[in-house]
Amino acid sequence: MPHNSPPAGTVFRRTDKHMSTTAASLGLIGLGVMGENLALNFERNGFSVCGFDLDADKRQQFAQRTQGLQACVADSLPALVASLQTPRRILLMVPAGSPVDAVLADLRPLLSAGDVVMDGGNTLYTDTARRLAALQGSGILYVGSGVSGGEEGALRGPALMPGGSPEAWPLVAPMLQAIAARADDGQPCCEWMGPGGAGHFVKMVHNGIEYADMQMICEAYWLMHNLLGLSPAQMSAVFREWNQGELSSYLIGITADILATQDPETGEALVDLILDTAEQKGTGKWTSQVALDLGVTAPTIADAVFARTVSALKSERVAAASVLQGPPLQPSTDAATLLPQIRRALLAAKVCAYAQGFALMRAADREYGWGLSFERIAKVWRAGCIIRAQLLGDIRRAFNLNPPIANLLVDPHFAGLMQTAQQDLREVVARAALQGVAVPGFMSALAYYDAYRSARLPANLLQAQRDYFGAHTYQRTDRPGKFHTRWNG
């Protein structure tokens, strides 16, 4: 790429003597852990970076950490913009919401037509669409990109889901694909998702599936604890074994590591000393809300969100435990039977959660006309991201063989898997219910499967009720049209 010298009088600190005469490939605003690690990733892959943050301490830390590298730190936004090659490429790693709007307001008068601004935060996709609309006519190109993989992924290789101004993709593809994680076949886990808010929508759904996946793994752990009385160390060994087969995934792997970790102060399993209240940042809630807005059935994702909200009611739950009674636990000694059942139940429930997520993306694609490629999305999620799993190879093949498939559950491979594993899911849910162990993810996954496979549901009575009290009309099975009955004579 050509290098341009910054204008005379630009004020910024260089961290490498080579940067004094060449312009930076990328500007990065927001030097928190994610931003700093991404900057190091870009630099390691041959792209010089100039960073900026409102916090002077973070600027100083960035200057120290990048000493001797192809990097610099600017003291102001004008200095940052002046330090960049043209067309300028700027990545925002600031908190979602009003901070992004504030940075854009300050940046816009400093930029020119053809410059690219990328938002790499967990931004609501409608905000991305709104910002794209606001930049119409300015010539400034805007990209909303999902970034998954956490702090380590940012440094070593995340999964990236960019979308927005199509003209921006050729300008940012080389650098984004260079820093992305690589799948086993060597392909970068970064592809263009589509126009508008497509990139951030795909990342939002990724996080919704992540919520469900994490919840159901926790339920498998809780079943082993309550129904078999296994210790964390014993459960760690089980999850490590599961991670060698069809359940192989990042989340299963880290669960094995977590359960094997001892508290250095007490020698006890650290997981047993962690308060059972889970926090959230909102992407799972957004996924559930959007599913309701678009009329898509995604109960397992929503129940994973509700599981976190009920966990936050710690004091209420402690008080309720002394008042509300359930059946006595009767732990089993038959681990040889129950553990394989839990494994297959977890696999079946995970398939249902992925099916819900992809169904939601299909509905959004119909609504917004993004032209999403579900095979491409599964390809991007194979490495780098939190929900990377062996399962995604099968999902990719399903959409490659039949791109318009309505739901993953009807793909021959997954239909066969569910046929094999559904009874185990039923047995596990029944046993949990009879012994009073809360497994909302497993339960909702089973209900979703049974509802989706039902040619007839009791909604005929529901619609009759609606017509009875509100004259909402109904359709008949024997002839077309809308009908209303005076039910009470």
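These values consider heavy atoms only, across backbone and side chains, with no hydrogens, waters or symmetry-generated copies.
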So does Arg130 pair up with Asp101, basic N to acidic O under 4.0 Å? yes
Flag side-chain contact, heavy atom, 4.5 Å: Asp127 against His200: no
Taking the side chain as C-beta and beyond, is there a heavy-atom pair between Tyr221 and Thr255 under 4.5 Å? no
With sequence neighbours excluded, tell me which residues meet side chain to side chain donor-acceptor pair (under 3.5 Å) with Arg396. Glu375
Can you give me the closest heavy-atom contact between Asp365 and Phe374, atom names plus distance? CB-CZ, 4.5 Å
Identify each donor-acceptor pair in which a side-chain atom of residues 468-476 lies under 3.5 Å from a protein atom, sequence neighbours left out, and give them as a table.
| from | atom 1 | to | atom 2 | distance (Å) |
| --- | --- | --- | --- | --- |
| Tyr474 | OH | Thr485 | OG1 | 2.6 |
| Arg476 | NE | Asp478 | OD1 | 2.8 |
| Arg476 | NH2 | Asp478 | OD2 | 2.8 |

Going by heavy atoms in the side chains, are Asp467 and Gln463 under 4.5 Å from each other? no
Please examine the side chains of Tyr449 and Arg426, heavy atoms only from C-beta on, and report whether any two atoms are closer than 4.5 Å. yes
Measure across Ile29 and Val94 and return the closest heavy-atom pair with its distance rounded to 0.1 Å. O-CG1, 3.7 Å
List the steps, then state whether side chain to side chain contact (heavy atoms under 4.5 Å, CB included) holds for Leu80 with Arg88. CA-CA 10 Å; Leu80 175 86; Arg88 303 173 185 90; over 6 Å; no
Side chain to side chain contact (heavy atoms under 4.5 Å, CB included) between Asp411 and Asp394, worked out: CA-CA 10 Å; Asp411 168 74; Asp394 295 322; over 6 Å; no
Can you name the nearest heavy-atom pair linking Phe239 to Ala220, along with the distance? CZ-CB, 4.3 Å
Can Val117 and Arg131 be said to form a side chain to side chain contact (heavy atoms under 4.5 Å, CB included), step by step? CA-CA 11 Å; Val117 178; Arg131 290 167 187 145; over 6 Å; no
Going from CD1 on Ile342 to CG on Leu347, what distance comes out if it is rounded to the nearest 0.5 angstrom? 14.0 Å
Of the non-hydrogen atoms in Pro166 and Trp192, which two are nearest, and what is the gap between them? CA-CZ2, 3.7 Å
Verdict with supporting geometry, Leu338 and Met224, side chain to side chain contact (heavy atoms under 4.5 Å, CB included): CA-CA 9 Å; Leu338 188 53; Met224 291 184 221; over 6 Å; no
Are the ring centres of Trp381 and Phe399 closer than 6.0 Å? no
Does any part of the side chain of Lys379, heavy atoms only, come nearer than 4.5 Å to the side chain of Asp185, both counted from C-beta? no
Atom pair CG (Leu91) and CE (Met118), whose distance is rounded to the nearest 0.5 Å: 5.0 Å
Would you say the side-chain atoms of Asn45 and Asn41 include a donor-acceptor pair closer than 3.5 Å? yes
How about CD on Glu241, more than 12 heavy atoms from neighbouring residues, nucleotides or ligands closer than 6.0 Å, or not? no
Mind checking whether Thr309 and Gln280 have side chains closer than 4.5 Å, heavy atoms only? yes
Heavy-atom check, side chain of Arg89 versus side chain of Phe47, under 4.5 Å: no
Nearest heavy-atom approach of Leu408 to Phe414 is O-CB, 3.3 Å
So for atom CG, which belongs to Asp184, do other residues, nucleotides or ligands contribute more than 12 heavy atoms lying within a distance under 6.0 Å? no
Run Arg343 and Asp424 through salt bridge (charged side-chain N to carboxylate O under 4.0 Å, His left out) and show every step you take. CA-CA 9 Å; Arg343 178 182 63 80; Asp424 296 294; over 6 Å; no
Return the minimal non-hydrogen interatomic distance between Leu417 and Ala348, and the atom names on each side. CD2-CA, 4.4 Å
